[in-house]
Amino acid sequence: MSDLSMIEAVLLTIITASTPLLLAAIGELVVERSGVLNLGVEGMMIVGAVMGFAATQATGSPYIGIVAAMISGVAMSLLFGFLTLNLMANQVATGLALTILGLGLSGMVGEAFIGQPGISLKPIAIPVLSGIPFIGPLLFNQDVLVYASYGLVIAVYFVLFRSRTGLIIRAVGDNHGSAHSLGYSVIQVRYLAVMFGGACSGLAGAYLSLIYTPQWVEGMTAGRGWIALALVVFASWRPARVLIGAYLFGAVSILQFHAQAAGIGLPTQLMSALPYLATIIVLIMISRNKTLAKVNTPACLGKPFVPDR
Amino acid sequence: MRIELEKRAEHSQLMTVVSPLIAIGLTLVCGSILFVSMGYNPIDALYAYFIEPLTTSWSIEELLVKAGPLVLIAVGLSVCFLSNSWNIGAEGQFTMGALAGSIIPVLFYDFTSPLALPLMVLMGILGGMAWASIPAFLKVRFGTNEILTSLMLVYIAQYILDFLVRGPWRDPEGFNFPESRIFDAAHVLPKIGEGRLHIGMIFAILAVLVVWWMLSRTLKGFEIKVMGETPRAGRFAGFSSNGVVWFGFLVSGGLAGLAGMAEVSGSIEQLTPVISPGYGFTAIIVAFLGRLNPIGILFAGLLLGLSYIGGESAQVSLGLTDKVTRVFQGMLLFFVLACDTLILYRFKIASSVKNMKEAGNV
C-alpha cells in the first residue's frame with residue numbers, strides 16, 4: 001500500500017468515527033440555541049441505534065431503518081419536551097432520565113438482535129466528483145448519512161444565522177421573555193428545536209448500528225452522546241466549529257486504534273480512555289476563555305419558561 | 001377547554017409526600033402494560049418482581065446488600081444536587097473508591113493487622129473524594145461544566161479498573177482470569193448474621209442520619225439549601241459559592257468511594273472488571289425519588305434495590321429478561337420528575353378565554 005492510500009484509509013476511518021458525533025452535536029446545537037439543555041442525547045441515540053437496526057432487519061432496507069431511527073429519536077425527545085416544556089421539570093434531571101430510560105429500553109428491545117449480522121448501508125458514489133483522485137473517494141463516495149451530515153451543518157448555519165426562523169430561535173434562546181412579548185410562541189419553537197435534536201440523535205444512532213459497526217451491541221453508543229454535548233460547548237454554539245470539533249474527536253478516537261496497531265507500548269485501556277480525556281481537556285481549554293463562552297452561550301439555556309400571560 | 005399550570009403560593013406539603021407515591025403507581029401501571037405487550041400476565045410478573053423477593057429471608061438480605069451502596073451514594077448526591085451542583089459521575093467515584101480501598105488487600109496482602117480495615121475504609125473515601133475533586137476543581141477554577149467532566153471521568157475510571165485487573169493487579173495464581181487475588185479474611189468487611197449482608201448497610205444508615213442532621217439542623221445545611229435555591233441571596237449572606245461546590249462534591253465523592261470500597265470488600269471480596277450494576281447512575285434515581293431528603297432516600301434505596309432483585313427473580317421464575325429492570329428504573333425517574341410538578345404547580349382547567357378574563361378581574 002502506498003503512503004497516499006494509507007493516509008486515505010486513515011482519513012476514511014476518521015470520517016466514519018466523526019459522523020455520529022457530528023450528527024448528534026449539530027442537532028443538540030439547535031436545541032441549545034433555543035434555550036433548552038437536553039442531556040438525553042445518549043439515550044435518544046441508543047434508541048435510534050436499536051430501532052434503526054430492528055427496522056432494517058425486519059424490512060431488509062437500511063433506509064427504512066434510518067427513518068425508524070429518526071422517528072424513535074423524535075418520540076424520545078417528545079417525552080423530554082413534555083416534561084420540561086409543559087410540566088416545567090428540571091432539564092438536567094429530565095435529560096438524565098431520558099438517557100437512563102433509553103439505555104434500558106434499547107437493552108430490552110435489542111436483546112433479540114444480539115449476534116445477528118446486520119445489513120450495512122452501501123456508499124453512493126457521486127458521478128464525476130468521486131473520480132477526483134484522493135479527495136473523490138474521501139468526500140464523494142460516502143453513504144447517505146455522511147452527505148446528510150454535511151448538508152445539515154450547512155443548513156443549520158444558514159437557518160440559524162441567515163434566516164428569520166433562525167433569528168426567532170435565537171431570540172427564544174437568549175431572552176424568552178422578550179420573544180414571548182413579541183408574540184412568538186416560546187414553547188412551540190422549543191418543541192420544534194427539541195424534536196429536530198431528537199431526529200438528529202436518532203440519525204447518529206442509526207449511523208452506529210447500520211454503518212459504523214453494522215450490528216447491535218448493547219451500550220454501543222459508549223458515551224458518544226455525551227461527547228456530542230461536550231462538542232457543542234467546545235464549538236461555542238457555532239455550526240462550523242461543531243464540524244471541526246467532531247472531526248478532531250473522530251481523529252483522536254481513530255488514532256488510538258492505529259497507534260495500538262502500530263504497537264505503541266501503552267496499555268490498550270489507557271489508549272481507549274483517550275477520547276474521554278481529550279473531552280475533559282478541551283472543555284477546560286474552552287472554559288478558560290470566559291468572554292468567548294459568554295458571547296455565544298444562549299442566555300436562557302436550561303431555564304424553564306413559564307408564560308405569565 | 002385546556003389544562004393549565006398555575007404556580008402555587010408555596011410548596012404543597014401534601015404533594016411532597018404523595019407525588020413519589022403517584023410516580024410509583026404510574027410506573028406500575030406502565031410496567032403492567034409493558035408486561036402485557038411482551039405476552040406475560042401482568043399480575044404474575046409484578047408478583048415476581050416486587051413481592052416474591054420479599055418472601056424469603058435470603059432475598060431480603062440480598063435486597064439490603066443492593067440497597068446499601070444505592071443509599072450511600074444517593075445521600076451524598078442529595079447534598080450535591082441540593083446545592084445545585086450536578087455530580088453525575090458517582091459511578092466513577094465508586095470505582096475509584098473501590099480501587100483505592102483495594103490497595104492494601106491487593107498489594108500489601110501481608111498487612112493483616114486490625115488496623116487494615118479502618119485504613120481501607122479511609123482510603124476508599126479518599127479515593128472517591130480525589131476523583132470527585134477533579135470536576136469540583138475544574139468548575140471552581142475554570143467554570144468547566146461539571147456534568148460533562150464528572151461523566152467523562154466515569155469512563156476513564158472504568159478503563160483504569162480494567163487495566164489494573166487485567167495487568168499489574170491480576171492474581172498471579174488466577175490462571176490468567178482478569179481478577180485480583182481474593183481478599184484475606186482480615187480485609188473483608190464483617191458480616192451481619194450468617195449470610196451475605198455486611199456492615200456496608202450500617203455505613204449507609206449512619207450516612208443517612210449524619211446528612212439528615214447536617215441538612216436540617218446545622219448552618220452548613222442551611223447554606224447548601226440557600227446556595228442551591230437563590231445563590232444571589234446566599235452570596236449576600238456571606239456564603240461562598242465555591243465552598244459549597246467543593247463541599248457537595250467531596251461529600252458525594254467520599255460516600256460513593258466508601259460504597260465502592262464496601263462493595264468490593266464486603267460483597268465481591270476481590271476486584272473484577274465489572275464491580276457495579278450501575279449503582280452510581282441508579283443512585284441518581286434514588287436521590288430524586290427520595291426527594292433529596294436522606295430519610296426519603298433510605299426508602300427509595302430499598303425500592304430500587306428491590307427492582308434489581310426483582311429483575312433476577314422474574315428472570316428465574318418467568319424467564320423475563322432482566323433488562324426490564326433498567327426500563328423500570330428509567331420510567332420511575334421520569335414519573336418522579338413529572339409528578340414533582342404537582343408540588344410547585346396546581347392544574348387548572350381553563351374552559352374559555354372569557355373565564356380566564358373573569359378570573360383576572362376578581
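Chain letters run A, B, ... following the sequence lines, proteins first and then strands; every chain starts at 1.
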Item to check | Distance, nearest 0.5 Å, that separates OH of B:Tyr159 from OG of A:Ser272 | outcome: 4.5 Å

Checklist entry - Using non-hydrogen atoms only, which part of B:Ile284 is less than 4.5 Å away from chain A: side chain, backbone, both, or neither? => result side chain

Item to check | Winner by heavy-atom pair count (cut-off under 4.5 Å) against chain A, out of B:Thr149, B:Thr282, B:Asp340 | outcome: B:Thr149

Checklist entry - At their closest point, which heavy atom of A:Ala93 faces which heavy atom of B:Leu333, and how far apart are they? => result O-CD2, 4.5 Å

Checklist entry - Does the side chain to side chain contact (heavy atoms under 4.5 Å, CB included) test come out yes or no for B:Arg326 and A:Leu103, once each step is laid out? => result CA-CA 8 Å; B:Arg326 299 282 296 278; A:Leu103 289 170; 3.7 Å; yes

Item to check | Part of B:Tyr345 within contact of chain A (heavy atom distance under 4.5 Å) | outcome: side chain

Checklist entry - What part of A:Thr279 lies closer than 4.5 angstrom to a heavy atom of chain B: side chain, backbone, both or neither? => result side chain

Checklist entry - Is it the side chain or the backbone of B:Leu332 that comes within 4.5 Å of chain A heavy atoms, both, or neither? => result neither

Checklist entry - Is the count of non-hydrogen atoms from other residues, nucleotides or ligands lying under 6.0 Å from A:Gln116 atom CD greater than 12? => result yes

Checklist entry - Looking at OG of A:Ser106 and NZ of B:Lys323, how far apart are the two atoms once the value is rounded to the nearest 0.5 Å? => result 10.0 Å

Next on the checklist: Distance check, rounded to the nearest 0.5 Å: A:Asn90 atom CG versus B:Phe81 atom CZ?
Outcome noted: 9.5 Å

Checklist entry - For the atom pair CG (A:Leu39) and CD1 (B:Ile147), what is the distance rounded to the nearest 0.5 Å? => result 5.0 Å

Checklist entry - So do the side chains of A:Leu98 and B:Phe334 get within less than 4.5 Å of each other, counting heavy atoms only? => result yes

Item to check | Region of B:Ile134 in contact with chain A, defined by heavy-atom distances below 4.5 Å | outcome: neither

Checklist entry - Has A:Met51 got more than 12 heavy atoms of other residues, nucleotides or ligands less than 6.0 Å from its CE? => result no

Checklist entry - Side chains of A:Trp226 and B:Ile88: does their closest heavy-atom pair fall under 4.5 Å? => result yes

Checklist entry - What's the spacing between B:Leu337 CG and A:Leu83 CG if we round to 0.5 Å? => result 6.5 Å

Item to check | Nearest-0.5 Å distance, CD1 of residue A:Ile280 to CG of residue B:Leu148 | outcome: 9.5 Å

Next on the checklist: Does A:Gln269 form a side chain to side chain contact (heavy atoms under 4.5 Å, CB included) with B:Gln158? I'd like the steps, not just the answer.
Outcome noted: CA-CA 9 Å; A:Gln269 293 92 341; B:Gln158 182 55 42; over 6 Å; no

Exercise answer: donor-acceptor pairs, residues 228-238 of chain A side-chain atoms, under 3.5 Å, sequence neighbours excluded:
unit_1, atom_1, unit_2, atom_2, d
A:Ser236, OG, A:Arg241, NH1, 2.6
A:Trp237, NE1, A:Glu32, OE1, 2.7

Next on the checklist: Checking side-chain contact (heavy atoms from CB on, under 4.5 Å) between B:Met152 and each of A:Ile227, A:Leu277, A:Ile281, A:Leu283, which is the one that passes?
Outcome noted: A:Ile227

Item to check | Atom group of B:Leu34 that falls short of 4.5 Å from chain A, counting heavy atoms | outcome: side chain

Checklist entry - Do B:Met38 and A:Met108 come close enough that some side-chain heavy atom pair is under 4.5 Å? => result yes

Item to check | Least distance between heavy atoms, B:Ala338 atom then A:Leu87 atom | outcome: CB-CD1, 3.7 Å

Checklist entry - Of all of A:Thr268, A:Leu79, A:Leu101, A:Val109, which one pairs up most often with chain B through heavy atoms under 4.5 Å apart? => result A:Leu101

Item to check | Choice from B:Leu342, B:Leu138, B:Thr341 maximising heavy atom contacts with chain A below 4.5 Å | outcome: B:Thr341

Checklist entry - Should A:Thr99 and B:Phe281 count as side-chain neighbours, where that means a heavy-atom distance under 4.5 Å? => result no

